[in-house]
Amino acid sequence: MCVSKKLKAIQNSMPKTVTLVAVSKTKPKTAIMEAYQSGQRVFGENKVQELVEKAALLPEDINWHMIGHLQRNKVKLIAPFVSLIHGVDSLKLLKEIDKRAAQNKRVINCLLQVHIAKESTKFGFGINEITQVIKDAKQFENIRITGLMGMATFTDNDEQISIEFKSLKDIFDKVRNQDISILSIGMSGDYQIAIEQGSTMVRIGSAIFGAR
Ligand SMILES: *Cc1c(COP(=O)(O)O)cnc(C)c1O
């Protein structure tokens, strides 16, 4: 199946209220343009270099999301144009994003990444830290915390994935307000479970563009 057909099938399988981020990492510009031509405008990349290169060459009305782990020394490269940063996992990183956003006269939307998986390799704040981090982030005038992001354990145990997503949904329900309205959970392998658990934004790559 081609990109546009897979994209449509996925869109048809989810509620209209859930935002689909098409994760185009490692995929060529031609594949992105195929999705673009069928109406997709939100794309996610996980490497700064690749994101910057693609953004420079592709249509200006694409909303680019940084979904991967972001190093502080690279924030300046995406600050002029990025529309949402998913993986914010430290106050130091927030501080740097705030500084670079101010230099670009922008307010940058950020999601706090929350560690919900069993694997220790996944980044993020602990669930218990979130309310405090949201308070601390209020000092940053050029940042808007718009929600939470998480990744479940890489497992085929759907029950465990459900429990992990639910733990994030519970804290999301406690902190959600007018600004904090995005719950970014769900990838190719687990987005249906994520939507059942209340996801408002899914990040889907291989199910649209094929295996990497
Ligand atoms: C690669 C990636 C995705 C998409 O993964 P697929 O399994 O290809 O859908 C989602 N979120 C993050 C943070 C990623 O790095």
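This chain uses plain numbering: 1 for the first residue, then up along the sequence. One-based numbering, in listed order, for ligands and for the atoms of each.
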Number the atoms of ligand 1 from 1 as they appear, then name those within less than 4.0 Å of a heavy atom of [X], with their elements.
X	result
Lys25	1 (C), 2 (C), 3 (C), 14 (C), 15 (O)
Ser188	6 (P), 7 (O), 8 (O), 9 (O)
Ile204	9 (O)
Gly205	4 (C), 6 (P), 8 (O), 9 (O)

request  = Could I get the full list of ring pair (Phe, Tyr, Trp, His ring centres under 6.0 Å) partners for Phe154, not counting sequence neighbours?
outcome  =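 None.
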
Closest protein heavy atom (residue, atom, distance) for [atom]:
atom	answer
atom 10 (C) of ligand 1	Met187 SD, 3.4 Å
atom 11 (N) of ligand 1	Arg203 NE, 2.9 Å
atom 12 (C) of ligand 1	Ile67 CD1, 3.5 Å

Please lay out, stage by stage, how Glu196 and Gln192 fare under the test side chain to side chain donor-acceptor pair (under 3.5 Å).
CA-CA 6 Å; Glu196 276 168 30; Gln192 274 116 341; over 6 Å; no

Notebook entry, point to check: Ion pair present between Lys166 and Asp170, side-chain N to carboxylate O less than 4.0 angstrom?
Noted result: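 Salt bridge between Lys166 and Asp170, a charged N being under 4.0 Å from a carboxylate O: yes.
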
message = Less than 4.0 angstrom from a charged side-chain N to a carboxylate O is my criterion; do Glu96 and Lys92 meet it?
response =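 Salt bridge flag = no for Lys92 with Glu96.
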
* Say whether, by atom type as modelled, one donor and one acceptor occur between the side chain of Arg212 and the main chain of Lys25 under 3.5 angstrom. =>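 It does not hold such a pair.
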
Donor-acceptor check, side chain of Ser199 to backbone of Ala194, threshold 3.5 angstrom: yes or no?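 No, the answer is negative, given that no donor and acceptor are paired below the 3.5 Å cut-off.
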
message = Would Arg212 count as a contact residue for ligand 1, given that I'm defining contact as a non-hydrogen atom of the residue lying under 4.0 Å from a ligand atom?
response =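 Yes, Arg212 has heavy atoms under 4.0 Å from ligand 1.
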
